[in-house]
Amino acid sequence: MGVIPNIMVNALVLASMYILASLGFAFIFNMLGSVNLAHGAFYMLAAYITYYLCAKAGLNNWVAMLLAAIVLAAIGIVMERFVFRPFQTEFDRVVMVSVALMTMLQQLAVQVSGSQTISIPAYGNGVLDLGFMTLTNEKLITFLVGLILLIITLFIVYRTKLGMQMEAISQDRLGAALQGIQVNKVAMLVCGMGFALAAVAGAMMGAYQQVSSNMGDNINVRILMLVMLAGAGSMNGILITGFLMALLDSVCPIIWDSYTASAIACSAVVVLLLIRPKGFFGHEM
Amino acid sequence: MKKKLLALLLAMAMVLSLAACGAAESSAPAASDAAASAPEAAPAEDAAAGEEAPAEAAPAGDNVLRIGALINTTGWFASIDYNNQIEMETLCKYYNDQGGIDIGGTKYQIELVVEDGGSDAEGIRSAAQRLVDQGIQYVVETNDFWVEGAIDIFENAHVMNIMAQNNMNHGVMNAETQYSYSFSDACTSQFPAALDVIKENYPEVKSVVYACDDNGVNEEQAALVKENAERVGLEYIDSPVIYDGESTDFSSIALKIVNSGADCFIGNGTPDNIAALLKEVRSAGSDMVCAAVITLGPGVLVGGSGIADLSGAFTFGSDIATPEHNTDTFNEIYKLFVETYGEDNATAWNGAALDCLYNLLQLMQGAGSTDVEAVRTYFDGVDTVETLFGTGVRCGQETFGNTHLIAHPSHAMKVENGEVIYMGTYECVAP
């Protein structure tokens with residue numbers, strides 16, 4: 001069994017999901033300046049919605065994922081209107097509200113589903129034998145979904161009018177508004193899109209890994225580290241640091257025990273931020 | 001006007017506070033009265049006399065035996081302890097429906113006094129104190145790691161406390177602890193049995209590696225695995241894989257296990273984590289055997305891993321699907337449980353706390369008394385106890401420094417192509 005190919009596959013799968021989950025957070029952070037600490041909780045919520053639509057309503061898991069993404073997009077729009085927009089200039093209030101939301105959603109998950117972990121049915125079964133290693137269809141599908149959505153997102157950001165408006169708002173909100181860009185409308189769309197991407201990541205990871213009330217905490221830490229390391233406003237940075245972080249997460253536990261690996265990964269982030277406070281690719285936060 | 005209103009509200013708040021305090025004071029003796037287990041309970045209180053001993057309880061006319069249940073009904077552990085609670089309540093109902101349990105010629109109705117630890121160490125400590133304050137003399141508890149911080153409360157109050165599971169935790173049971181017991185050992189004794197299962201059923205396995213959540217006693221568990229692997233002639237791969245119990249990504253941990261070169265990985269810990277690990281081990285192309293030292297059927301691994309045709313894993317649990325594999329009493333209680341709580345709750349059947357309570361009641365019957373000291377003395381004099389799972393043995397001297405542990409026979413069950421298959425009943429004894 002090839003260890004290195006397996007590590008690379010694991011890193012690619014994790015990276016695709018880390019990036020997908022981080023994009024929504026980064027959009028909101030870049031455009032609205034809001035640190036949505038509840039982003040991981042919404043990722044978790046999407047996983048639970050998908051699970052219940054599959055397990056209780058008997059829906060196909062792809063349909064369930066799509067519905068979860070739509071629900072989360074709607075929540076994102078509501079969040080933009082009633083949380084991010086009113087508290088736009090008040091960093092501490094957004095943090096407080098998002099922490100409260102995070103706690104509420106976690107408790108809701110525990111109350112509704114109990115604290116045991118559950119699993120969304122796999123999006124693909126079977127194994128591909130590549131000769132030097134085996135690759136499960138589930139990993140392949142998870143990676144491909146991440147990749148396709150990433151390409152679509154990049155296309156929207158770099159090749160469409162909406163993307164240009166997003167960039168303009170990120171750089172100068174007032175200036176963008178003076179140029180006739182409907183800032184609130186764009187922000188609403190972007191929040192919806194970001195939440196939907198997190199929903200897809202949650203629904204995929206709920207099958208690839210497991211669904212639990214604390215799954216949002218783990219991804220939150222990754223999202224924060226990833227966005228900080230990438231640097232504010234950098235899409236390319238998110239892609240590169242997303243892969244690096246996933247690689248660290250895949251390699252470190254093989255060399256060290258889980259705690260040491262986690263501590264080393266976090267220390268690496270702190271050191272890198274000390275060396276490059278702006279992150280690798282972005283402007284100063 | 002505002003000031004007057006404020007003063008009025010303040011006055012009302014003070015009056016209500018005083019009334020509440022008064023009510024608490026007046027209710028305290030009532031609680032003690034209710035705590036009176038039976039006429040036989042009086043000597044126990046004598047024995048427990050001391051600074052921190054509960055207040056003397058008056059005998060109750062209706063002979064109610066109150067037994068504490070220190071579990072988590074809220075917080076993250078609630079879903080596990082929920083089954084512990086309803087299984088114990090089923091046992092109480094089982095006896096109460098028969099007119100009570102006969103101890104020393106007196107019939108007692110059993111009342112389970114549940115106190116919630118809130119899945120929090122401080123909460124557990126408070127709940128333990130509340131039980132002691134109510135004059136409860138016997139407490140059945142949740143798992144060892146929860147109650148570690150509350151043991152001194154029970155020790156000081158001479159309350160016999162019996163934890164549902166002790167995973168080799170010396171902090172809760174050692175040569176110094178006098179009132180701490182585990183009457184349904186689910187871990188220590190099952191490691192040696194697991195190695196026997198591997199030797200007898202998986203001839204292709206030549207080596208094992210220990211892989212487990214970080215539970216604070218990994219070193220001791222790994223040593224036990226090593227000792228028993230050598231006993232049955234298997235190679236022990238000396239590179240234990242310890243992982244964070246709150247991990248969500250198990251792919252790298254699985255690669256580490258596969259790379260160890262072992263043919264089998266063995267460990268206990270959270271069933272969900274083992275399921276996730278097994279999934280990743282299979283995903284890495286390995287068909288190595290998984291020996292999960294958990295007290296649940298292997299169906300939990302199928303559900304947790306999401307692999308419908310899962311093979312090559314076994315666990316120890318109650319074979320609830322096959323009544324002939326169980327004791328008659330077990331079957332009766334299980335039937336009552338399903339009638340009362342439904343099939344849904346049966347999927348999370350645990351049996352540990354239930355068995356602890358059952359064994360405690362057997363010991364009281366054997367002692368012919370509800371007096372704590374009489375029950376302890378009786379327990380010290382017996383070698384075996386008829387548990388719900390068959391004849392259990394008093395053991396644990398080498399591991400814990402005393403023999404406050406009852407190890408019972410366990411059903412080994414494997415999963416092949418997604419089907420749960422009974423492998424046999426294995427005698428379990430903790431060193």
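All of these numbers come straight from a predicted model, not from anything done at the bench.
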Which atoms of [X] come close to chain B, meaning under 4.5 Å heavy atom to heavy atom: side chain ones, backbone ones, both, or neither?
X: A:S250; value: both
X: A:A207; value: backbone
X: A:L14; value: side chain

[X] versus [Y]: any side-chain heavy-atom pair under 4.5 Å?
X: A:N6; Y: B:V258; result: no
X: B:E280; Y: A:Q209; result: no
X: A:E138; Y: B:K279; result: yes
X: B:S251; Y: A:Y208; result: yes

Q. How about residues 98-107 of chain A versus chain B: which residues have heavy atoms under 4.5 Å apart?
A.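 Residues in range: none.
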Q) For A:D249, which residues count as a salt bridge (Lys or Arg N to Asp or Glu O under 4.0 Å) partner, sequence neighbours excluded? A)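 Per chain and number, A:D249 pairs via salt bridge (Lys or Arg N to Asp or Glu O under 4.0 Å) with A:R222.
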Q. Around B:E204, counting heavy atoms of other residues, nucleotides and ligands shown, do more than 12 lie under 6.0 Å from its CD?
A.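 Yes, because the 6.0 Å sphere around CD of B:E204 holds more than 12 heavy atoms from other groups.
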Q) Counting only heavy atoms not in B:E416, do more than 12 fall under 6.0 Å of its CD? A)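 More than 12 heavy atoms, drawn from other residues, nucleotides or ligands, come within 6.0 Å of this atom.
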Q | Which of B:P271, B:S252, B:A276, B:A308 touches chain A most, by non-hydrogen pairs under 4.5 Å | A |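 Ranked by contacts with chain A, first place is B:S252.
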(Q) Within this structure, what is the CG-CD1 distance for the pair B:N259 and A:I254, rounded to the nearest 0.5 Å? (A)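 Interatomic distance, B:N259 CG to A:I254 CD1, rounded to 0.5 Å: 6.5 Å.
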Q. When rounded to the nearest 0.5 angstrom, what is the spacing between CD1 in A:I219 and CG in B:D249?
A.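 Nearest 0.5 Å value for the CD1-CG distance: 10.0 Å.
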Q: Could you pull out the closest heavy-atom pair between B:L255 and A:V3, with the gap in Å?
A: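 Heavy atoms of B:L255 and A:V3 come nearest at CD1-O, 4.4 Å.
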